[in-house]
Amino acid sequence: MFGIGGFELFLILIFGFLIFGPDKLPAIAKTVGKAIAKFRGAQEEMSEQLKSATFIDKDSDEPFKNPLDIMESAMSEAKSKASDARKQADAVTEKVASASDAAAVSVQERAESFAERKARYDREREKRRAEAADEAKAAAAKADAEREERVSARENPTVDVPAKTIIEEEG
């Protein structure tokens with residue numbers, strides 16, 4: 001381990017114990033351990049990246065490839081995928097645009113039908129009001145006629161004489 005023997009490591013631990021004290025030494029060890037673990041993880045990730053992007057092709061006639069050729073092939077592949085994605089996005093955009101146009105037409109039709117329904121409702125309401133007003137006028141006229149009959153009956157009382165009585169008086 002870094003060319004340090006057991007005795008040197010023991011001395012370092014004792015000096016660390018004396019300098020930092022028994023309270024902070026476990027926290028420092030924990031922090032150092034996390035740092036070493038992150039370093040190892042980054043090292044493994046870097047080695048995996050190098051292995052996956054290797055320029056040596058064991059199966060081909062030409063085992064050593066030019067890195068620029070590999071980058072160009074990767075770039076052309078990325079461009080083709082980007083153009084495919086762009087085509088799909090354009091298709092989706094066209095579908096959304098046509099759907100939004102259809103929705104706008106539908107909303108316009110609904111607005112027109114609402115306006116028509118409102119106009120029809122207003123006409124029906126006016127017709128009902130006119131009928132109610134006519135009925136009220138007719139009821140008022142009938143009440144006035146009845147009232148006039150009662151008043152005239154009080155002013156000019158008539159006696160109902162049976163027809164038989166009138167005939168007997170004449171005879």
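Throughout, numbering of the chain's residues begins at 1 and tracks the sequence.
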Between Glu44 and Gly41, is there a donor-acceptor pair closer than 3.5 Å when you use the side chain of the first and the backbone of the second? no

For the CD atom of Glu146 and the NZ atom of Lys142, what is their distance to the nearest 0.5 Å? 6.0 Å

I'd like to know if Lys81 pairs up with Asp84 as an ion pair, taking the criterion as any Lys NZ or Arg NE/NH1/NH2 lying under 4.0 Å from an Asp or Glu carboxylate oxygen. no

Do Arg147 and Asp144 pass the salt bridge (Lys or Arg N to Asp or Glu O under 4.0 Å) test, and can you show the C-alpha distance, the side-chain angles, and the key distance before you say yes or no? CA-CA 5 Å; Arg147 192 175 318 121; Asp144 287 342; 2.9 Å; yes

Can you tell me how far apart OG1 (Thr31) and CD1 (Ile36) are? Round to the nearest 0.5 Å. 11.0 Å

I need the Arg125 CZ to Arg120 CZ distance, nearest 0.5 Å. 13.0 Å

More than 12 heavy atoms of other groups within 6.0 Å of Glu45 CD: no

So, taking the atom named CD1 in Ile12 and the one named CD in Glu8, what distance separates them when rounded to the nearest 0.5 Å? 7.5 Å

Salt bridge Glu126-Arg123, side-chain N to carboxylate O under 4.0 Å: no

Surrounding CZ of Arg40 (heavy atoms of other residues, nucleotides or ligands, distance under 6.0 Å), is the total greater than 12? no

To the nearest 0.5 Å, what is the distance between CZ on Phe20 and CZ on Phe15? 13.0 Å

Do Ile14 and Ile28 sit in the same hydrophobic cluster, where Ile, Leu, Val, Met, Phe, Trp and Tyr count as joined when their side-chain heavy atoms come under 4.5 Å apart? no

Got Asp122 and Lys118 here, is their nearest side-chain heavy-atom distance under 4.5 Å? yes

Spell out, yes or no, whether Phe39 and Val32 are grouped together once hydrophobic residues are joined by side-chain heavy atoms under 4.5 Å, including indirect joins. no

